[in-house]
**Q** 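Quick one: structure below, then a few questions.
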Number of protein chains: 2
Amino acid sequence: MGRPRTPLIDRARITTAALELVDAKGEFSVVQIARKLGVQTGSLYHHVDGRDGIVELLRERVCEAIDASMFDASPWDAALAAWARSYRAAFAAHPRAIPLLMASPVRAPRVLEHYERAVGLLLDAGFALADVMRVIIALENLILGSALDLAAPEPMWELGDDQRDTPRLALALAAAPLGRADAAFELALGACLEGFRALVD
Amino acid sequence: MGRPRTPLIDRARITTAALELVDAKGEFSVVQIARKLGVQTGSLYHHVDGRDGIVELLRERVCEAIDASMFDASPWDAALAAWARSYRAAFAAHPRAIPLLMASPVRAPRVLEHYERAVGLLLDAGFALADVMRVIIALENLILGSALDLAAPEPMWELGDDQRDTPRLALALAAAPLGRADAAFELALGACLEGFRALVD
């Protein structure tokens with residue numbers, strides 16, 4: 001009686017609180033997490049390896065939504081495309097985590113394992129060892145930019161009442177089909193895969 | 001005497017203060033800007049159209065560094081590539097502004113003018129009106145993801161002492177040439193331009 005059956009904090013709750021802060025403000029601090037969970041700041045440090053440790057927990061949490069089974073698909077370009085789509089969706093759910101996670105090195109073992117599988121897929125497909133990271137990073141840059149775009153407002157351009165200065169932009173916006181984010185992503189994804197193919201053909 | 005010759009605040013100073021906050025924290029508030037400039041919050045509203053207005057000032061400031069003269073180059077794909085490189089550099093200088101700017105619609109006249117010129121370049125090159133925004137957005141997604149990557153730490157992957165779980169990733173990282181961000185961007189940029197070319201050929 002009076003004593004909680006589960007501890008007030010654990011790594012999962014700390015991660016959830018940090019992600020809520022990042023989703024709302026684009027940033028978190030250990031003090032803010034402690035306040036949100038109603039515990040002393042010091043007690044957080046019994047559970048996580050400081051701020052950097054929390055960033056890695058965030059990375060693992062966001063990446064959990066990426067379907068890594070895609071790596072077992074074939075051929076390699078279909079597997080890479082499926083991975084890219086799943087990866088974009090996972091990060092589009094937390095766009096404000098993107099710059100935070102890109103600003104510190106990947107250390108989380110479960111996320112490194114994703115990269116291990118991506119590297120394996122490309123090596124098995126015949127990519128040169130020196131090309132592999134370049135291909136993965138090129139694809140990730142497209143994915144993360146596209147994830148931000150997927151989370152962007154619709155419409156993304158507001159021309160105001162006077163469109164005399166932007167007549168052709170007005171026409172292009174009016175002519176653009178619905179679902180611009182998906183159409184743009186698929187166009188660039190297809191182009192990148194074609195470009196990657198040229199490295200192994 | 002005692003009365004400053006220049007006003008304490010103007011739009012340029014407000015923009016500079018907002019950008020410093022965004023660079024440091026990924027976010028800004030009108031109250032924080034006022035505090036930074038040593039003025040009352042209310043007096044800021046005489047100069048800017050609220051928070052949204054400041055976001056557009058930030059957009060103009062960051063985009064000022066993009067060399068729009070590129071649009072006059074030819075052929076169109078060389079012009080687009082030069083624009084993309086200049087655009088990436090401008091945003092890589094302020095990576096934390098990226099999600100902020102992507103989260104609200106473009107209204108700044110000088111930035112809309114950039115888009116007008118990009119649309120004109122593509123229409124003049126023979127792109128179908130319905131394809132133009134898709135091409136621009138696809139390229140922007142790559143540019144902004146690559147700008148975040150350019151600002152990311154080197155190395156971006158830290159495998160720790162025990163690399164038994166990531167043997168192929170360790171090999172790929174060791175084999176990757178220096179300048180991974182540039183190499184990845186150029187690979188994807190080249191591939192995208194090739195993909196866009198297929199839309200007009």
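Within every chain, numbering begins at 1; the chains are lettered A, B, ... in the order of the sequence lines, protein sequences first and strands thereafter.
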**Q** Kindly say whether Val106(B) contributes a backbone atom to a donor-acceptor pair with the side chain of Glu158(A) at under 3.5 angstrom?
**A** no

**Q** Given the options Gly160(B), Pro105(B), Pro155(B), which has more heavy-atom pairs under 4.5 Å with chain A than any of the others?
**A** Pro105(B)

**Q** For each of Ser104(A), Ala152(A), Pro177(A), tally heavy-atom pairs with chain B at distances under 4.5 Å, and name the one with the top tally.
**A** Ser104(A)

**Q** Determine the option with the most heavy-atom pairs under 4.5 angstrom with chain A, choosing from Ala170(B), Ala181(B), Ala172(B).
**A** Ala172(B)

**Q** Which bit of Ala151(A) is near chain B, if near means a heavy-atom gap under 4.5 Å: side chain, backbone, both or neither?
**A** neither

**Q** Heavy-atom distance under 4.5 Å to chain B: side chain of Leu101(A), backbone, both or neither?
**A** backbone

**Q** Hey, could you give me the CG/CG distance between Asp149(B) and Leu142(A), rounded to the nearest 0.5 Å?
**A** 12.5 Å

**Q** Minimum heavy-atom separation for Ala183(A) to Arg134(B), with atom names?
**A** CB-CD, 3.5 Å

**Q** Supply the atom-to-atom distance Arg107(B) CZ to Trp157(A) CH2, rounded to the nearest 0.5 angstrom.
**A** 13.5 Å

**Q** For the interface with chain B, which of Ile136(A), Leu144(A), Leu148(A), Ile143(A) has the highest count of heavy-atom pairs at distances below 4.5 Å?
**A** Leu148(A)

**Q** Is the number of heavy atoms from other residues, nucleotides or ligands within 6.0 Å of CG (Asp49(A)) greater than 12?
**A** no

**Q** I want to check something: taking the side chain as every heavy atom from C-beta on, are Cys192(A) and Cys192(B) in contact at a cut-off of under 4.5 Å?
**A** yes

**Q** What heavy-atom pair brings Ala138(A) and Ala188(B) nearest, and what distance separates the two atoms?
**A** CB-CB, 3.9 Å

**Q** Pro95(B) versus Pro99(A): any side-chain heavy-atom pair under 4.5 Å?
**A** no

**Q** Under a 4.5 Å heavy-atom cut-off, does chain B meet the side chain of Leu159(A), its backbone, both or neither?
**A** both

**Q** Between Arg110(B) and Asp165(A), does any NZ, NE, NH1 or NH2 come within less than 4.0 Å of an OD or OE carboxylate oxygen?
**A** no

**Q** Given heavy-atom pairs under 4.5 angstrom as the criterion, report whether the side chain, backbone, both or neither of Glu186(A) touches chain B.
**A** neither

**Q** Against chain A, label Pro167(B) side chain, backbone, both or neither, depending on which of its atoms sit under 4.5 Å from a heavy atom there.
**A** both

**Q** What part of Leu122(B) gets within 4.5 angstrom of chain A, counting heavy atoms only: side chain, backbone, both, or neither?
**A** neither

**Q** For the candidates Ala130(B), Gly26(B), Ala176(B), which exhibits the highest count of non-hydrogen atom pairs separated by less than 4.5 Å from chain A?
**A** Ala130(B)

**Q** Using every non-hydrogen atom in the two residues, find where Arg168(A) and Glu116(B) come nearest and quote the distance to one decimal.
**A** N-OE2, 3.0 Å

**Q** Do the charged groups of Arg96(B) and Glu27(A) touch, with an N to O distance under 4.0 Å?
**A** yes

**Q** Could you state the interatomic distance from CG (Asn141(A)) to CG (Leu189(B)), rounded to the nearest 0.5 Å?
**A** 11.5 Å

**Q** Looking at Gly195(B), Gly190(B), Ala175(B), which one has more heavy-atom pairs under 4.5 Å with chain A than the rest?
**A** Ala175(B)

**Q** Are Phe185(B) and Ile137(A) side-chain neighbours, meaning at least one heavy-atom pair lies under 4.5 Å?
**A** no

**Q** Would you mind checking which part of Val135(A) comes under 4.5 Å of any heavy atom in chain B, side chain (CB onward), backbone (N, CA, C, O), both or neither?
**A** both

**Q** Measure the CE-CE distance between Met102(B) and Met156(A) for me, rounded to the nearest 0.5 Å.
**A** 6.5 Å

**Q** Relative to chain A, which of Leu173(B), Val111(B), Asp131(B), Leu100(B) shows the most heavy atom pairs under 4.5 Å?
**A** Leu173(B)

**Q** Evaluate whether atom CZ of Arg11(A) has more than 12 neighbouring non-hydrogen atoms of other residues, nucleotides or ligands under 6.0 angstrom away.
**A** no

**Q** So for Asp182(A), is it side chain, backbone, both, or neither that comes closer than 4.5 Å to the heavy atoms of chain B?
**A** neither

**Q** Side chain, backbone, both or neither: which part of Glu140(B) has an atom under 4.5 Å from a heavy atom of chain A?
**A** side chain

**Q** Measure across Glu113(A) and Thr166(B) and return the closest heavy-atom pair with its distance rounded to 0.1 Å.
**A** N-CG2, 4.5 Å

**Q** Given side chains that start at C-beta, do those of Leu169(A) and Met133(B) come closer than 4.5 Å, heavy atoms only?
**A** yes

**Q** For Phe127(A), is it the side chain, the backbone, both, or neither that has a heavy atom closer than 4.5 Å to a heavy atom of chain B?
**A** neither

**Q** Going by the side chain to side chain contact (heavy atoms under 4.5 Å, CB included) test, name the single residue among Leu123(B), Leu129(B), Val119(B) that passes it with Leu171(A).
**A** Leu129(B)

**Q** Contact part of Leu199(A) toward chain B, heavy-atom cut-off under 4.5 Å: side chain, backbone, both or neither?
**A** side chain

